[in-house]
Amino acid sequence: MTAQGKYNPAAVESRWQKFWEDNKTFKSVEDQDREKYYVLEMFPYPSGRIHMGHVRNYSITDLVARYKMMRGFNVLHPMGWDAFGMPAENAAIQRGVHPATFTYENIDYMKKQLKAMGFSYDWERELATCDPEYYRWEQWLFLKMYEGGLAYQKKSFVNWCDECQTVLANEQVIAGRCWRCDREVVPREINGWFFKITEFAEDLLDYLEKLPGWPERVLTMQKNWIGKSYGARIEFPLAEGDGSIPVFTTRQDTVFGATFMVLAPEHPLTIELSRGTSQEKEVDGFVERMLKTDRIKRSSEDYEKEGVFVGAYCKNPFTGHEMPVFAANFALMEYGTGAVMAVPAHDQRDFEFAKKYGLPIIVVISPESSNLSADEMTEAYVEDGVLVNSGAFNGMNNRAAMDAIIDDLEKKHLGNRTVNYRLRDWGISRQRYWGAPIPIVYCDRCGVVPVPPEQLPVLLPLDVTVTGEGGSPLVSHEPFVKTTCPSCAGPARRETDTMDTFVESSWYYARYSCPDYDGGMVDGKRVDYWLPVDQYIGGIEHAILHLLYSRFYSRVMERFGLVKYREPFTRLLTQGMVIKDGAKMSKSKGNVIDPDDMIKKYGADTTRLFMLFASPPEKELEWSDQGIDGSFRFLNRLWRIIVDNMDVIKKGKGFPGDGSAITQRGVDLRRKTHQTVKKVTEDIEERFHFNTAIAAVMELLNEMYAFVGQGKDVGPADAAVFRDAGMKAVLLLSPAVPHIAEELWGVLGQKPSIVTVPWPVWDEELAKSDEITIVVQVNGKVRGRLSVGADASDEEIRERAISDEKVTGYITGKEIKNVIVVPKKLVNIVVIQ
RNA sequence: GCGAGAGUGGCGGAAUUGGUAGACGCGCUGGACUUAGGAUCCAGUGGAUCCUUCCGUGGGGGUUCAAAUCCCCCCUCUCGCACCA
């Protein structure tokens, strides 16, 4: 090995990257005799270049992967591409590049970047979701879901993004705006395909408690998103005719105070009830206006309550009172039944609406100690209390009344106890080109016909021109659209919607177990060995979207007997963003740090080290030019402490190390070495605190410098200690900075690859110091420090503390009330002042 | 508004179970080496100070021998949800 000179990252890194590639160091093979560990990062969209967020994510994941390899696990650590999506189409529109060309060129470039970072991927398992061999199985599962009633088509009001010219799922609307382009979302009525995620709402919620390895934050977000609430479904009969209006309420205790009915503008009854009444025109105008209003305006809380009488009445089933039916902007079609029983006395929204339109307010819950008067109220009373104006329920506490009223409802067949979820079915139709075609055919004679599985994949045609005008180019692509009906062989049209790209990312982690398998979606034997993912790492921005969809998809796959697990990700780490000057890096701010530049300037190891050291993984990481300088300096220090002290290291080699000739400074360094091994292991294993793990090795290096700084004329026993410290430092850092670690491992005379070397162990006895420092406090204030033997008894420590000269000044002449001895740590002498 | 999390030197951050607040790194100051240093090494670095003591983990109270850590109130920031009936 020729490494005597300066640390040269470029040379070191390319050498070892080639070595790993040539030796297939990271190829993973199923081995039933070995315990597996599946570690995964969220795969990237091939946008063109890797950014610092990726680098941070993958540096963390790679550390875990390499650490687990050294711990003897059979590690699966794959990489692939979330390759369908809009940016490819935008590139086609703006630059005339075909989405496929754009995508595959980006994959090539980004793959080079990832290789230059030295990540330990098994590249033989690489997959791209735009590959027909991948999406054919997604289409196959779609057919199973269709057959099993988990995929269905319906006409409904959906979230439409004009910018992206497509429908969005609820999860993809962030504060009323498109998750991708930030355009305000508008309602639009469209016929589209849905996945029945609501069928699993209860199970998805239940299992959140069985995911102890997930961050609390993500669990809470998912729980809120699913939004389970307990209440009642109540039928309000129409005043005229036979029909009724069902509502969902969580406040059935207030039902006697329901004085009017509110429908969502999109509710079918809104238009229906107004037909033939004098309100017809006004209702039409109102509904039309509401449907044009974007979601932000409609859903903002300070937006004024507004509505229109639809010209009909229903009856309160408990009081028999007639209730006028209104359509109003604040009623949401997508929650409950789209109809609200309005109780103005006890709901703030209903109150405001009633005041505006002069509707009656009836108090039905009274505070324990005072009386409410409907005329004098300035806001709704939403607290607990006692029922009044509520017939047989008068005098009952309202919490108790909730159950009693449901019982009564059920007895009278007016309604029933029910739970409602906020979660909606997942709309997966996208009116876009660059996605997986939905395998459905429309036949004039047979209607909706699924493509037979043996005809899969339905290939996305590549001979199209994407112009960005007139919707998806598939619609006008005759050879694609025109087909024959699989059922009657007559003329038929293909579905031109493609699937939401979140469908691909909902199962890619399972496909990594067997990316080459052509006998089905997953190879049972291999998927059973590798799955579930033991540790998943990615950004918090997917807390709901991708992570909820994946949990749904694993349930679907489980139901069809494809996999045996229910939860796909046992442990989840959500790493924080990389920011600069307190803000997210973005092209428009011009504050983007390019990983390529960092590799060129410092090398991959320095870049990785900084990502791991600057902040604990789940927190934001503030980019610092000086910080990365510091990481580079540290690796140079690591380099030099080995390379510049080869004389000492050689002297220590082969020394049996019976400890007889070891000096005090040798003992100290040996202790520090063992303490460092312990600290680093525990920080990685138990806490994922890589920053403190690296800090511990920095401390060890500082001691090593101090050791040789006292002169290199050391005996063989001390030299052996120094050599051991160097080897341990290299091993401990190797998951973080693998290239320099491999190189120095060679310098130390060892054989590659360092990932095959067992993780170092520490000796608890050697890690213990024989002298410990005891802090002496008087009345809680530090007044002195004692150095005592590690095995000193509490009594001995107590005596020495009381007689310590620094302490006596504070206690002489005062009555000692109490002496607290915390073993091996501290003595607190309590005196009366 | 509801829910979750956070607030520690000039900066990033440590303090794992209530027990030495500020590990480690950056920056800064001084020194050594040097033609030179933006290299390297060494030392110092929370604040105040009558120089041996006081103050100090967003603010105020409390529990405790002992609180960054536990409890109560308040302030600020970040994130999520946001007319969810």
Side-chain angles (χ1 to χ4, degrees), chain A residues 6 174-176 215-225 227 229 231 247-252 254 258 262 264 296 298-305 328-332 334-343 346-350 352-353 420-422 540-541 543-544 576 609-610 613-616 618-631 633-634 636-637 640 644 679 682-683 686-687 689 691-699 701-702 705-706 709 773-782 784-785 817-831:
Chain A
K6 266 178 66 184
I174 312 294
E216 199 58 42
R217 197 147 80 103
V218 175
L219 297 175
T220 308
M221 281 167 74
Q222 292 216 354
K223 188 173 169 215
N224 292 342
W225 189 261
S229 47
V247 303
F248 170 75
T249 180
T250 57
R251 290 303 304 275
Q252 59 276 9
T254 65
V262 178
I296 312 178
R298 267 217 28 211
S299 65
S300 77
E301 211 164 335
D302 42 354
Y303 197 54
E304 194 176 331
K305 311 274 174 289
N329 58 348
F330 68 89
L332 307 172
E334 57 283 12
Y335 187 79
T337 62
V340 184
M341 67 171 211
V343 185
H346 306 292
D347 181 286
Q348 187 58 27
R349 293 157 302 177
D350 301 347
E352 286 169 30
F353 195 83
N420 189 64
Y421 298 92
R422 209 185 75 113
I540 186 76
E541 66 273 18
I544 294 170
L609 185 71
F610 178 66
F613 177 66
S615 181
E618 64 278 4
K619 284 185 69 169
E620 280 183 346
L621 184 149
E622 172 76 35
W623 181 264
S624 156
D625 292 333
Q626 284 142 351
I628 194 164
D629 272 340
S631 292
R633 268 204 293 272
F634 173 69
N636 276 286
R637 260 167 88 76
R640 288 195 310 268
D644 293 351
K679 167 88 178 144
E682 289 175 353
D683 279 353
E686 290 160 26
R687 309 198 303 157
H689 279 198
N691 54 334
T692 53
I694 291 163
V697 185
M698 287 176 171
E699 285 187 53
L701 239 65
N702 289 344
Y705 270 92
T773 304
I774 303 287
V775 170
V776 184
Q777 299 179 331
V778 178
N779 286 350
K781 293 200 164 141
V782 179
R785 289 182 170 80
K817 199 177 137 197
N818 196 5
V819 178
I820 289 128
V821 180
V822 181
K824 298 189 194 303
K825 280 210 170 111
L826 165 145
V827 177
N828 189 9
I829 304 162
V830 186
V831 297

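So you know, we letter chains A, B, ... as the sequences are listed, proteins then strands, and number each from 1.
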Is there a donor-acceptor pair under 3.5 Å between the side chain of A:Asn828 and the backbone N or O of A:Gly780? yes
Ring pair (Phe, Tyr, Trp, His ring centres under 6.0 Å) involving A:Phe610 - partner list, sequence neighbours excluded: A:Trp623
How long is the line joining CZ of A:Phe610 and C1' of B:C24, in whole Å? 14 Å
Where does RNA chain B pair, written as one dot-bracket string 5' to 3', with Watson-Crick or G-U pairs under 3.5 Å, ( ) inside the strand, [ ] for crossing pairs and | for another strand? (((((((..(((......[....)))((((((.......))))))(((....)))..(((((..]....))))))))))))....
Selection from B:C65, B:A15, B:C83 that lies nearest to any side-chain heavy atom of A:Val830: B:C65
What one-letter contact string describes nucleotides 45-56 of chain B from 5' to 3', where B marks a base within less than 4.0 Å of any protein heavy atom, S marks contact via sugar-phosphate atoms alone, and - marks no contact? --------SSS-
Over all strands shown, is A:Arg422 touching base, sugar-phosphate only, or nothing at heavy-atom distances under 4.0 angstrom? base
Would you list the protein and nucleotides 25-29 of chain B atom pairs, both N or O, that sit under 3.5 Å from each other?
unit_1 : atom_1 : unit_2   : atom_2 : d
B:G25  : OP1    : A:Asn702 : ND2    : 3.3
B:C26  : OP1    : A:Arg633 : NE     : 3.1
B:C26  : OP1    : A:Arg633 : NH2    : 2.9
B:G27  : OP2    : A:Arg633 : NH2    : 3.1

Expressed in whole Å, how much space separates the C1' atoms belonging to B:U8 and B:C24? 16 Å
Just compare B:C65, B:C83, B:C24 and give me whichever is closest to any side-chain atom of A:Lys305. B:C83
All N/O contacts under 3.5 Å from nucleotides 18-22 of chain B to the protein, with atom names and distances to one decimal?
unit_1 : atom_1 : unit_2   : atom_2 : d
B:U20  : O2     : A:Arg785 : NE     : 3.0
B:U20  : O2     : A:Arg785 : NH2    : 2.7

Is A:Lys817 side chain donor-acceptor paired with the B:C65 base, going by distance under 3.5 Å alone? no
Sequence-distant partners of A:Ser229, side-chain hydrogen bond (donor to acceptor under 3.5 Å, both in side chains), two or more places apart: A:Tyr335
